[in-house]
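Here's the structure, in C-alpha cells; my notes come after.
Everything numeric in this text was worked out from a predicted model, so none of it was measured. Scope of the values below: all heavy atoms of this structure, side chains included, with no hydrogens, waters or symmetry mates. Sequence positions, counted from 1, serve as the residue numbers for this chain.
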Amino acid sequence: MTTDRALIRRPSPRLAEGLITHIERVPVEVELAARQWQQYVDALAEAGWICVEVPPVDDCPDGVFVEDTMVVFRDLAVIARAGANERRPEAAGAERAVAAQGYRIANITEPGTLDGGDILKVGSTVYAGLGGRTNQAGLDQLRGFLEPLGAEVIAVPVSKVLHLKSAVTALPDGTVIGYEPLTDDPGAFPKFLAVPEEAGAHVVLLGEGRLLMAASAPKSAELFRELGYTPVVVDISEFEKLEGCVTCLSVRLRG
C-alpha cells in the first residue's frame with residue numbers, strides 16, 4: 001500500500017485577487033479553477049497518492065498554492081515565513097496538517113523569509129532561489145535545519161520569475177529542466193535540459209516514470225515521452241494566470 005501523501009488546499013473564493021509579480025493580470029474564472037483543482041487532486045489520487053486536505057483559508061487568495069508554506073526534507077517540515085506579508089496567515093493550518101502526518105517541525109523566523117516554491121530538491125541537494133520571496137536570512141536558517149540531515153543547500157539566483165520552481169524542476173534522473181529565457185543561470189545545475197515551453201519546466205514526479213504537468217506544454221510533453229517518461233496532463237490555466245504551476249498546488253510527502 002502506498003505511503004505517498006500529498007497535502008492540498010482548496011482554492012479560496014477570492015482566488016482572482018491573488019498576487020502577481022512578473023506577468024500582467026487577466027481575469028480568473030474562479031469556478032473553472034475549482035474544477036481544475038479537483039481534476040489535479042484526482043490525477044494525484046489516480047496515481048496512487050493519498051491526498052490530505054489542509055484546512056481552507058478563504059481570506060487568503062493565494063492559499064491554494066500550499067507548497068509555499070513549507071519545505072519537507074526527510075522527517076522534518078520547515079515551515080516557511082512568506083516573502084509576501086499577505087501570505088503569512090497561510091502557514092499555521094499547513095503546519096498543523098503536516099505535524100499531524102508525523103513530521104517534526106522547524107520554523108523560519110524574522111528576519112528570514114522563505115517560500116517553498118523557491119526550493120528544488122534533487123536527491124540530497126537542495127537548490128534555494130534567492131532574489132524574490134526568499135532572502136539570505138531565510139536561506140541561512142534553512143541550511144541550518146537541513147545540513148545536519150545530510151542536505152547540501154546551494155543558493156541560485158532568481159530574478160526573471162516569481163519562484164525558483166517557476167523556472168526549473170527536475171526529472172527522476174536528476175536532470176534539471178527549465179525554459180531557458182526564464183532561467184537565470186542554467187549553469188548552476190550539473191545537468192540541465194532546456195524545454196520548449198515555459199510550462200514545460202514544471203513537473204511533479206508521480207513515481208514509475210510518470211510526470212504530472214500542465215496541458216499548456218504539449219511540445220515538452222512530447223520531449224518527455226521521447227525520453228521514456230509518461231506525462232500525466234492536467235489543465236491548470238486559471239492558476240497559470242496567477243503564476244501558479246503543478247508543483248505549487250501540493251506538498252508531496254514521499255513514503
Review point. Who passes ring-ring contact (aromatic ring centres under 6.0 Å, His included) against F73, sequence neighbours left out?
Key: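 For F73, no residue satisfies ring-ring contact (aromatic ring centres under 6.0 Å, His included) once neighbours in sequence are set aside.
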
* Asked: Taking only residues two or more places apart in sequence, or in another chain, which ones meet F189 in a ring-ring contact (aromatic ring centres under 6.0 Å, His included)?
  ->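 Here the qualifying residues are Y127.
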
With [X], which residues qualify under side-chain contact (heavy atoms from CB on, under 4.5 Å), at least two apart?
{"X": "A137", "answer": "P111, N135"}
{"X": "T175", "answer": "L171, D173, K191, L193"}
{"X": "Q141", "answer": "I108, T109, F145"}

Filter on salt bridge (Lys or Arg N to Asp or Glu O under 4.0 Å), then keep only pairs touching residues 15-31, sequence neighbours left out; what's left?
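The answer is R14-E17.
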
Does any pair with a residue in residues 50-61 pass salt bridge (Lys or Arg N to Asp or Glu O under 4.0 Å), and if so which ones, sequence neighbours excluded?
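Non-adjacent pairs meeting salt bridge (Lys or Arg N to Asp or Glu O under 4.0 Å): R10-E53.
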
Among residues at least two apart in sequence or on other chains, which ones pass side chain to side chain donor-acceptor pair (under 3.5 Å) with [X]?
{"X": "E180", "result": "none"}
{"X": "R104", "result": "D75"}
{"X": "E152", "result": "none"}

In terms of side-chain geometry, is the basic nitrogen of R87 or D68 positioned less than 4.0 Å from the acidic oxygen of its partner?
->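 Salt bridge flag = yes for D68 with R87.
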
Pairs flagged by ring pair (Phe, Tyr, Trp, His ring centres under 6.0 Å) wherever residues 15-37 is involved - sequence neighbours left out
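Checked against ring pair (Phe, Tyr, Trp, His ring centres under 6.0 Å) - neighbours excluded - no pair reaches residues 15-37.
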
Side-chain donor-acceptor pairs under 3.5 Å in residues 220-229, sequence neighbours left out?
from, atom 1, to, atom 2, distance (Å)
S220, OG, E197, OE1, 2.7
E222, OE1, R225, NH1, 3.4

